[in-house]
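This report concerns only the one structure given below.
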Amino acid sequence: MSSDVISRYKKAKQIIESGKDAFVSKYDCKNTVREVIELYSHLKPGESKQESISMCGRIIAIRKHGKLTFADIRDQTGDIQLYLDKKRIGDIYDFFDLLDIGDWISTEGYPTRTARGELSIMVDKLALLTKSLRPLPEKWHGLKDKEVRYRYRYLDLISNPKVKETFTKRSKIINLIRQFLISEGFMEFETPMLQSIPGGATAKPFKTHHDTLDMDLFLRIAPELYLKRLIIGGYEKVFELNRNFRNEGISYRHNPEFTMLEVYQAFVDYREMMNLTQKIILYIIDNLVKGRKISYQENEIDINPPWREMTVLDSIEKFTGVKLSFEMTRNKVSKIADEIGVDFHEKLGVGGIINRIFEKKVENKIIQPTFITDYPKEVSPLAREHSKNPNLTERFELFIGGIEIANAFSELTDPLDQRIRFEQQLYNEEIETELDEDFIRALEYGMPPTGGLGIGIDRLVMIMTDSASIRDVILFPHMRSKKE
RNA sequence: GAGCCGUUAGCUCAGCUAGGUAGAGCGUCAGACUUUUAAUCUGAGGGUCGCAGGUUCGAUCCCUGCACGGCUCACCA
């Protein structure tokens, strides 16, 4: 045990032996720091106001000057300085010697502005709420070690104000999305996270087992097929905003569990989903930051519409100079892929290879908000065939900052076509799963024309908070366990 | 899964080029101090140098393996 910890334990013992509580059960905190700062912003240096203030907070700095001590405390709303004068509060002043940075305290006093211009509380009463037994990371350099920051995120939140800002924004973004969709007449539902056939996407699922039913279950990779059942059931505007799980690699934009918004609306197509996507993101940005320009990593991104729209083929031509067509032979397309250094699975057809070229050569270059359209049917097993070209689907993806943010399509409502697509998918993907007959059955009862949209919330938060890695917008990212 | 890099005091980091069992700042502890806000000044304590082997008279330093992490790639509609 370090000397810091030992000394804190000693102080805690001393406090308890003196008859005080080092871990009290509650306290009625009447004022927040922000309130106090706003209420008394008018005080001039040297001026005081004889009004009693009662606050709670964590000690984040102590500056002792003999018979005078300054301490900064922090609550959720901000930081404020305490002014302790031994002449005014002899016993409390001595008691304060047993307190450390990190301790939670309650305090009462009156507001005053010091000669140096710092709004402070002249302390009359002060009590310990919770003793902190471990030292917090150093105040000036903060906590930098990424392993410690991710493993002990609470320390990261205490030490790095920007981190706290990021997660505050994340919470607001999620709240704004719900607020917007509900105001537009959508209803939020919760569909199974444990599914017997993981569908709605192609990804390796996490497997688990239910003992009583004695059946294998999978953590969902997407809620899609269940939300569509709700459309079939007669709800016309539905959404779900919750976690998906994919048992795949971790990268700056992939985490095994991630948060997804899925929205379905009856009687509309993917063009309307495009409008909705834009409306959601504009609603967020207008309620979150000033203006519609944000900087993401090295780039300035202009969220102000209209957003660019480009087909998959046009975007490939723009960024690689290569002209492709879905009417080309597989031989020709695969040769081109080889030439520009894109490898691909041998089972892929023309559409699959073109999609692969797009992913490898284009995606991360699309910085400004751009809707990419006309995705090949081969890689869109749940999307309706394009009305003008049977090789394509009515689908778009939205890219911002080089990251795929949204994916949407006019939903495939034809159960016969859906069966064929599922069968092709099972053949192509080598995923150990079975055809979801129950979903086909649901489609057979009739799904109205429907537009569907998925937005990757973690990635959207990355863009909105200028975070380079998805782990910076997930509070507790997964780590290997570490023996201590 | 692969490559590269990292792991030294509570935190942030030096030291390793050329092997001789470790330093700084902040924090801690003791003392001084009635207007500080990275307070200041004086002094003290604090280390299994990630873990395990190997080479060596001697390893934080060189070598091997392992653990954990980071970045990049792979995987990922």
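Values below: every heavy atom of this structure, side chains too, minus hydrogens, waters and symmetry copies. Chain letters run A, B, ... following the sequence lines, proteins first and then strands; every chain starts at 1.
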Which pairs of donor and acceptor atoms, one on a side chain in residues 87-96 of chain A, lie under 3.5 Å apart (sequence neighbours left out)?
residue: A/R88; atom: NH2; partner: A/D124; partner atom: OD1; Å: 2.2
residue: A/Y93; atom: OH; partner: A/G66; partner atom: O; Å: 2.7
residue: A/Y93; atom: OH; partner: A/L68; partner atom: N; Å: 2.8
residue: A/Y93; atom: OH; partner: A/L68; partner atom: O; Å: 3.2
residue: A/Y93; atom: OH; partner: A/T69; partner atom: N; Å: 3.3
residue: A/Y93; atom: OH; partner: A/T69; partner atom: OG1; Å: 2.6
residue: A/D94; atom: OD1; partner: A/K86; partner atom: NZ; Å: 3.3

Could you list the donor-acceptor pairs under 3.5 angstrom formed between side-chain atoms of residues 395-402 of chain A and any protein atom two or more places apart in sequence or on another chain?
residue: A/R395; atom: NE; partner: A/N407; partner atom: OD1; Å: 3.0
residue: A/R395; atom: NH1; partner: A/V379; partner atom: O; Å: 3.1
residue: A/R395; atom: NH1; partner: A/S380; partner atom: OG; Å: 2.7
residue: A/R395; atom: NH2; partner: A/E397; partner atom: OE2; Å: 2.8
residue: A/R395; atom: NH2; partner: A/N407; partner atom: OD1; Å: 3.4
residue: A/E397; atom: OE1; partner: A/Y375; partner atom: OH; Å: 3.0

N/O to N/O distances under 3.5 Å, protein versus nucleotides 12-16 of chain B:
residue: B/U12; atom: OP1; partner: A/K144; partner atom: N; Å: 3.0
residue: B/U12; atom: OP1; partner: A/D145; partner atom: N; Å: 3.0

Under 3.5 Å between N/O atoms: give me all the protein pairs with nucleotides 42-46 of chain B, atom names plus distance.
residue: B/G45; atom: N2; partner: A/S3; partner atom: OG; Å: 3.4

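Residue side chain A/S380 does not reach the base of B/A77 through any donor-acceptor N/O pair under 3.5 Å, judged by distance alone.
Residue pairs that meet the disulfide bond (SG atoms under 2.5 Å apart) test with at least one member in residues 56-101 of chain A, sequence neighbours left out, are A/C29-A/C56.
Taking the ring pair (Phe, Tyr, Trp, His ring centres under 6.0 Å) definition, one finds that A/W104 meets it with nothing, sequence neighbours left out. Under the side chain to side chain donor-acceptor pair (under 3.5 Å) criterion, A/D417 pairs with A/R421, not counting sequence neighbours. Partners of A/R246 by side chain to side chain donor-acceptor pair (under 3.5 Å), not counting sequence neighbours: none found. Here A/E272 pairs with A/N275 under the side chain to side chain donor-acceptor pair (under 3.5 Å) rule; sequence neighbours left out. Taking A/R471 as the reference, nothing meets the side chain to side chain donor-acceptor pair (under 3.5 Å) condition, with sequence neighbours excluded.
Taking atom C1' in both B/U60 and B/U56, one finds a spacing of 16 Å when rounded to whole Å.
Contacts between residues 86-97 of chain A and RNA chain B, counted as heavy-atom distances below 4.0 Å, involve A/K87.
For RNA chain B, runs of at least 3 consecutive pairs of the Watson-Crick or G-U wobble type, with both hydrogen-bonding distances under 3.5 angstrom, map to B:1-7 with B:67-73, B:10-13 with B:23-26, B:28-32 with B:40-44, B:50-54 with B:62-66.
Interatomic distance, A/L84 CG to A/L82 CG, rounded to the nearest 0.5 Å: 6.0 Å.
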